[in-house]
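Take a look at the structure below.
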There are 2 protein chains.
Amino acid sequence: MVGRSSRVTIHDVAKAAGVSVSTVSKALNDTGRMAVETRDRIKSIAADVGFRPNALARSLLFNRSFTIGLLTNDTYGRFTLPLMAGISEALVDQGVSVFLCAIEDDPGLAKIHVDAMLDKQVDGIIATGKRIDRSLPVDLAGLPVPVVYAYTAGAEGSVTLTADDMQGAELAISRLHSVGRRKLAHVTGPESFASATERADAFRRMAGASAIILHGEWTEAWGHQCVATLFDRKGSDRPDGVFCGNDQIARGVVDALRERGIRVPEDVSVVGFDNWEIVAAQTRPALTTIDMNLKELGRIAGLTILDLAEGRAVTPGLRKLPCNLVVRQSCDGGRREN
Amino acid sequence: MVGRSSRVTIHDVAKAAGVSVSTVSKALNDTGRMAVETRDRIKSIAADVGFRPNALARSLLFNRSFTIGLLTNDTYGRFTLPLMAGISEALVDQGVSVFLCAIEDDPGLAKIHVDAMLDKQVDGIIATGKRIDRSLPVDLAGLPVPVVYAYTAGAEGSVTLTADDMQGAELAISRLHSVGRRKLAHVTGPESFASATERADAFRRMAGASAIILHGEWTEAWGHQCVATLFDRKGSDRPDGVFCGNDQIARGVVDALRERGIRVPEDVSVVGFDNWEIVAAQTRPALTTIDMNLKELGRIAGLTILDLAEGRAVTPGLRKLPCNLVVRQSCDGGRREN
DNA sequence: AAAATTTGAGAAAACGTTTTCTCTTATTGA
DNA sequence: TCAATAAGAGAAAACGTTTTCTCAAATTTT
């Protein structure tokens, strides 16, 4: 013997019941044939001694670990945590557990973690990140287990899930329209981000070619700065609605507007993106924003990796999941014009 | 056979090398006696066919899974993520992986996750939460594996790690003193939180009995409100330094001060608590604050659970780890008085 | 040259399950 | 009453490792 177990095994149950381990196994799994009273007696004895089958032994036998790996380079957990919640929710009642591996942007660390997960025979890997147009610093193609990419760029022919940026943006802009806003501006992140350009494209299409789009950083400070650009000039040119690329920018915009005595939402309506509660709910007035439903995305990622792990066919490609609008005060329902 | 493996096993290596599996095992583990050229030949063949030992099989044998569980009810990950980073960093080169289980505050869910972790033979469990004076909704005493509590209340006689709130508060107050502030106020969370009262006690002791302490919510709004209370009155009574119970309150305070034209840090210095980058760094001016070194706390938790898992003795009890001061503009170095 | 020792490598058991196969005993049918 | 069948339960193999034990061949010692 190499190690020593203090846990109760099926052998202990067999001994206690005076039967063989095979009989115990069949009794507990409701397989095989045996007298119903034998089965019940064994079940009750197993419960009494607190027997729980060693999942490692079962895994070895079934070649299935009921374990998956979640690989992420999103340090703040902004995207990973909601995703993780959805994954966990989808898998917990299937008895599947999740290894979380935070790899920063270190390829070496990533490889170590991937190897460790493979050694531990994970049934699949979900890769996730902080932006949809960059991939993790490790090649996950050709692994002996299925991989699903969620909110990070996937390899060619892979299964990739992401939020529908364009539809989300449309939702935001429609909202501004529906409360009567016509002179819209869009303040968002760098053009190097696909999310930014995709949302900006939707904005351009819906708000008209003349509508202003300002690309900058994903920060409050950028929101502040843009308000100076947009509002410190003649009244007629001022926007009456601002669609922001994320909630941090939106917060900067709202704060800067308040500093100028411009009322939100009475004078200007503001819509954010992300529904990052910590920002959106603390802003005064609280932000109307777009929720990417990352938890739902995680749920689907979990179910998908399960499908793949169990050999069911999944059509590969990029699948965009719809966003939805969360209404708070910064763009509430009252119509102002028209 | 129950399942079917597509992975290369030690048997494949043995076949390829024309030796027995025992010889392969000994060759790869540098054990047993054999001709050095045999060993090298086997090693090179193993590398060629990409053999990696099945960790499940080893776990079964050694009764050691090289896996631990991290149980948390901190949904936002405010505390869990830095902790997780530290744990992971401490354990990754020992080959230990981490199951992350988010249990909200649901006892049923907690039990399911704990059982799943035990079934998978975790070597230990680290329990963590969002406040040090509440325990998770599940009893972890009497488990067949070691448990370490980090930033959550532990059972009697358990190993519990936490940040030293008092020392952190002292650091903050010393800082305010050292920049010449003498009329201090403390704006913090509810008295029902041990962290709030402990920091408040330190404040009372260092700032004098007459110093003002305001207990309320852990929100920006409360910070705002307190500024109204403290500063909308005769000048001589106004504080010149505010120590805030967390960064969100501090942000509220700083914003409210700015709205009143009171300059930070020229007129009033502000110190926060938590060093939650997302808040502290975005505040204008950026917040001087206390960092609880949660990553280091996680690192120690990881090493401790490893000690326990490997049978080394660990003295039980509550261990408080020191905080440190992070200086940003809201309480920078320039002296104003004296 | 015979005996003792060392070297090299394989067989088998073990970890904790599940499942297939086998075997004995009880029950049914003629 | 005897053969055919069903029921009940156990033995053994399998999953992929590691380690102990055994054994033959090669080497050293006397």
Side-chain angles (χ1 to χ4, degrees), chain A residues 1-43 45-46 49-66 95 118-121 123 144, chain B residues 1-43 45-46 49-66 95 118-121 123 144:
Chain A
M1 189 198 300
V2 181
R4 183 184 308 271
S5 169
S6 66
R7 266 121 128 165
V8 28
T9 76
I10 199 172
H11 289 95
D12 301 322
V13 179
K15 204 164 295 172
V19 296
S20 71
V21 292
S22 12
T23 304
V24 174
S25 177
K26 282 179 288 192
L28 298 181
N29 293 303
D30 284 321
T31 57
R33 349 171 252 221
M34 78 184 50
V36 61
E37 51 266 32
T38 309
R39 201 181 287 278
D40 290 345
R41 190 172 60 86
I42 294 177
K43 279 182 174 175
I45 291 177
V49 300
F51 169 71
R52 308 204 97 234
N54 183 325
L56 261 35
R58 308 181 92 241
S59 299
L60 197 55
L61 201 57
F62 291 124
N63 206 51
R64 181 82 203 285
S65 68
F66 292 91
L118 292 178
D119 290 352
K120 284 173 180 143
Q121 312 291 115
D123 297 330
Chain B
M1 188 197 303
V2 182
R4 183 184 306 273
S5 168
S6 67
R7 266 121 128 164
V8 28
T9 76
I10 198 172
H11 289 95
D12 301 323
V13 179
K15 204 163 294 173
V19 296
S20 71
V21 292
S22 14
T23 303
V24 175
S25 177
K26 284 179 285 192
L28 298 180
N29 293 302
D30 284 322
T31 57
R33 333 173 267 219
M34 78 183 52
V36 61
E37 51 267 30
T38 309
R39 200 182 288 278
D40 290 346
R41 189 172 59 86
I42 293 178
K43 279 182 175 176
I45 290 176
V49 300
F51 170 70
R52 307 204 99 234
N54 183 326
L56 261 33
R58 308 180 93 242
S59 299
L60 197 55
L61 201 56
F62 292 123
N63 206 51
R64 180 80 205 284
S65 67
F66 292 91
L118 292 178
D119 290 352
K120 282 169 182 147
Q121 313 292 115
D123 297 332

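Just so we're on the same page: letters track the sequence lines, and every chain starts at 1. Being a predicted model, the structure only gives us computed values, none of them experimental.
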Does any N or O donor sit under 3.5 Å from an N or O acceptor when you compare the side chain of B:Lys26 with the base of C:dG8?
no
Any donor-acceptor N/O pair under 3.5 Å between C:dA11 base and B:Ser20 side chain:
no
When the distance from [atom1] of [X] to [atom2] of [N] is rounded to whole Å, what number comes out?
X        : N      : atom1 : atom2 : value
B:Asp119 : C:dG16 : CG    : P     : 14 Å
A:Leu60  : D:dG16 : CG    : P     : 7 Å
A:His11  : D:dG10 : NE2   : P     : 13 Å
B:Leu61  : D:dC15 : CG    : C1'   : 13 Å
B:Asn54  : D:dG16 : CG    : P     : 7 Å
B:Ile10  : D:dT17 : CD1   : C1'   : 6 Å
B:Asp40  : C:dG8  : CG    : P     : 13 Å
A:Phe62  : C:dT18 : CZ    : P     : 6 Å

Regarding [X], tell me which of base, sugar-phosphate or nothing describes its non-hydrogen contacts under 4.0 Å with the strands shown.
X       : result
A:Arg58 : sugar-phosphate
B:Thr38 : sugar-phosphate
A:Arg39 : nothing
A:Arg64 : nothing

For A:Arg58, is there any backbone N or O sitting under 3.5 Å from a side-chain donor or acceptor partner on A:Arg64?
no
Please check: side-chain N/O of B:Arg7 versus main-chain N/O of B:Arg52, any donor-acceptor pairing under 3.5 Å?
no
Does D:dA9 have its OP1 or OP2 closer than 4.0 Å to a side-chain nitrogen or oxygen of A:Thr23?
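Result: no.
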Restricting to non-hydrogen atoms, name the atom on A:Ala14 and the atom on A:Ser20 that form the minimum distance, rounded to 0.1 Å.
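Smallest interatomic distance, heavy atoms only, reads CB-C, 3.8 Å.
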Is it true that, when you exclude A:Lys43 itself, more than 12 heavy atoms of the residues, nucleotides or ligands shown sit nearer than 6.0 Å to its NZ?
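Enclosed: over 12 neighbouring heavy atoms sit under 6.0 Å from NZ of A:Lys43.
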If the helix axis at each end comes from five base pairs, how far does the helix from C:dA1-D:dT30 to C:dA30-D:dT1 deviate from straight, to 10°?
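One end axis against the other gives 60°.
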B:Val24 vs A:Asn29, nearer the 5' end of DNA chain C by closest nucleotide
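On the 5' side of the pair lies B:Val24.
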